[in-house]
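Inspection log for the structure reproduced underneath, given as structure tokens.
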Amino acid sequence: MSLKLNMLPPSVNNMSVRVFVRASGLPFEEENVWGKTQSEEYTAKCPSGLTPSVESEELPKGLLWESCAVMMYLANREGLDDLYPTDLARRAMVDSANFYTMSMLYPLVARATYPRLSFSGYPGEVATSEASDDEKEAARKSAEAELPRILEVYREFFGTDGGFIGGGEPTIADIRLASTLEFLAVTDTELPSWATDYMERVESSLGDAYSEPAADVRGYIAQVTAPAAAG
């Protein structure tokens, strides 16, 4: 059963689902909707205006967004136990890691990296306020300073220092976490060695399914950081 994936190439949120559909071997059509997500055509079917989203006739509304929800749905639909374990204990670890990534890690990643990636911040945050540039940079640094503490939880609890989350092969939680960590290349804080080893392990295990979408994210990072590097 084919599906359509609406995505933005520079986004790690989108990267996770792009990696998933490739790793799963599912047939899909991919459309770059950069600059189109707030159009009437897109919001008519996706009122949140968010990506990634997948379109399929079997869905109640014909479309589903949120990266983890998309991966969980497709893995359940296709019976992909290797990517989303059916064993309750293993699945609990995968779900916990995903929810922790989205509720704790990613908000800090966004605050620490969006200003340098030229991405719009979220309403109500310092980055989108009328605060001075110095105050905005102080807020960015504050978010970045918290990242090591949050990351340590993955090493201590989820076992990412020597393996994968939920088993001996990468799961959707590993896809989501490794993709998220890609944005930390623009911060001033160096990733701990276990985290870089973990990212390499995920990419090595998934091969081109990971490397191809990652190349778009890395290419964008290189593009937006080049002027700073040259200066």
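A single hydrophobic cluster is seen to contain both Tyr122 and Val186, as judged by linkage of ILVMFWY side chains at heavy-atom distances under 4.5 Å, directly or through other members. Hydrophobic clustering keeps Leu50 apart from Val109 (ILVMFWY residues linked when any side-chain heavy atoms are closer than 4.5 Å, directly or through intermediates). When hydrophobic clusters are built by joining Ile, Leu, Val, Met, Phe, Trp and Tyr residues whose side-chain heavy atoms come closer than 4.5 Å, directly or via intermediates, Tyr73 is grouped together with Leu80. Hydrophobic clustering (ILVMFWY, side-chain heavy atoms < 4.5 Å, transitive): Val12 and Met102 are in distinct clusters. When hydrophobic clusters are built by joining Ile, Leu, Val, Met, Phe, Trp and Tyr residues whose side-chain heavy atoms come closer than 4.5 Å, directly or via intermediates, Met93 is grouped together with Trp194.
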Inset, instruction - Before giving the answer on side-chain contact (heavy atoms from CB on, under 4.5 Å), spell out for Leu3 and Glu29 the whole-Å C-alpha distance, their side-chain angles and the decisive distance to 0.1 Å. - result: CA-CA 6 Å; Leu3 73 156; Glu29 170 195 353; over 6 Å; no
Inset, instruction - Might you work through the side-chain contact (heavy atoms from CB on, under 4.5 Å) test for Leu63 and Val54, ending with a clear yes or no? - result: CA-CA 6 Å; Leu63 181 142; Val54 292; over 6 Å; no
Inset, instruction - With side-chain contact (heavy atoms from CB on, under 4.5 Å) as the test, would you mind laying out the steps for Leu59 and Ser56 before giving the verdict? - result: CA-CA 6 Å; Leu59 289 164; Ser56 177; 4.1 Å; yes
Inset, instruction - Go through the steps for Met15 and Asp216 under the test side-chain contact (heavy atoms from CB on, under 4.5 Å), then give the verdict. - result: CA-CA 9 Å; Met15 175 183 161; Asp216 286 331; over 6 Å; no
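Geometrically, Arg22 does not engage Tyr210 in a cation-pi contact, judged by NZ or CZ lying under 6.0 Å from the ring centre and within 45° of the ring axis. Seen from the ring of Tyr106, Arg176 counts as a face-on cation partner, given the 6.0 Å and 45° thresholds.
Glu78 and Ser24 share no side-chain donor-acceptor pair at under 3.5 Å. A donor-acceptor contact closer than 3.5 angstrom links the side chains of Asp95 and Tyr84. When only modelled atom types and interatomic distance are considered, Glu135 and Ser132 share a side-chain donor-acceptor pair under 3.5 Å. For Thr171 and Asp174, the side-chain atoms include at least one donor-acceptor pair closer than 3.5 Å.
A distance-only check finds a donor-acceptor pair linking the side chain of Ser211 to the backbone of Gly207 [under 3.5 Å]. The closest donor-acceptor contact from the side chain of Ser205 to the backbone of Arg201 lies at 3.5 Å or more, if one exists at all. Put simply, the side chain of Ser204 never gets that close to the backbone of Glu200: no donor and acceptor are under 3.5 Å apart.
Contact check for Cys68 versus Phe99: no side-chain heavy atoms found under the 4.5 Å cut-off. For the pair Leu177 and Phe158, the minimum side-chain heavy-atom distance is 4.5 Å or more. Under the 4.5 Å side-chain criterion, counting only non-hydrogen atoms from C-beta, Glu144 is not in contact with Arg111. At least one side-chain heavy atom of Arg18 sits less than 4.5 Å from a side-chain heavy atom of Pro9. Looking only at side-chain heavy atoms (C-beta outward), Glu55 and Cys46 stay at 4.5 Å or farther from each other. With a 4.5 Å cut-off on side-chain heavy atoms, Val33 and Met7 do not count as touching. Contact check for Thr189 versus Leu147: no side-chain heavy atoms found under the 4.5 Å cut-off. You'll find the side chain of Asn6 stays beyond 4.5 Å of the side chain of Asn32, heavy atoms only.
Counting non-hydrogen atoms of other residues, nucleotides and ligands closer than 6.0 Å to NZ of Lys141 gives a total of 12 or fewer. The 12-atom threshold is not exceeded at CG of Asp208, counting heavy atoms of other residues, nucleotides or ligands nearer than 6.0 Å. No more than 12 heavy atoms of other residues, nucleotides or ligands shown are found within 6.0 angstrom of CD on Glu57. Within 6.0 Å of CG on Asp133 lie no more than 12 heavy atoms contributed by other residues, nucleotides or ligands.
Minimum heavy-atom separation, Val153 to Tyr100: CG2-OH, 3.3 Å. Across all their heavy atoms, Ala131 and Val126 have their closest contact at CB-CG1, 4.1 Å. For Trp65 against Pro47, the heavy-atom pair with the smallest separation is CZ3-CD, 4.1 Å. Leu206 and Ala23 make their closest contact through CD2-CB, 4.1 Å (heavy atoms, listed as atom of the first residue, atom of the second, distance). In terms of heavy-atom proximity, Glu182 sits nearest to Val217 at CB-CG1, 4.1 Å. Closest heavy-atom contact between Ala178 and Met199: O-CE, 3.9 Å.
With sequence neighbours excluded, the residues satisfying ring pair (Phe, Tyr, Trp, His ring centres under 6.0 Å) with Phe119 are Tyr114, Phe183, Tyr220.
Among the candidates Asn13, Thr37, Asn14, the single residue satisfying the side-chain hydrogen bond (donor to acceptor under 3.5 Å, both in side chains) test with Thr51 is Asn14.
Note that CD of Glu137 and CZ of Arg116 are 5.5 Å apart. Values are rounded to the nearest 0.5 Å. Here the OG1 atom belonging to Thr180 is positioned 12.0 Å from the CG atom belonging to Leu108, to the nearest 0.5 angstrom. If you take CE on Met71 and CG on Asn76, they are separated by 12.0 Å, rounding to the nearest 0.5 Å.
Contact check on Arg218 versus Glu212 returns no salt bridge, with no Lys/Arg side-chain nitrogen under 4.0 Å from an Asp/Glu carboxylate oxygen. Using a cut-off of 4.0 Å between Lys/Arg side-chain N and Asp/Glu carboxylate O, Glu152 and Arg149 are scored as not salt-bridged.
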Side-chain donor-acceptor contacts of residues 160-169 below 3.5 Å, not counting sequence neighbours, with atom names and distances?
{"from": "Thr160", "atom 1": "OG1", "to": "Tyr154", "atom 2": "O", "distance (Å)": "3.0"}

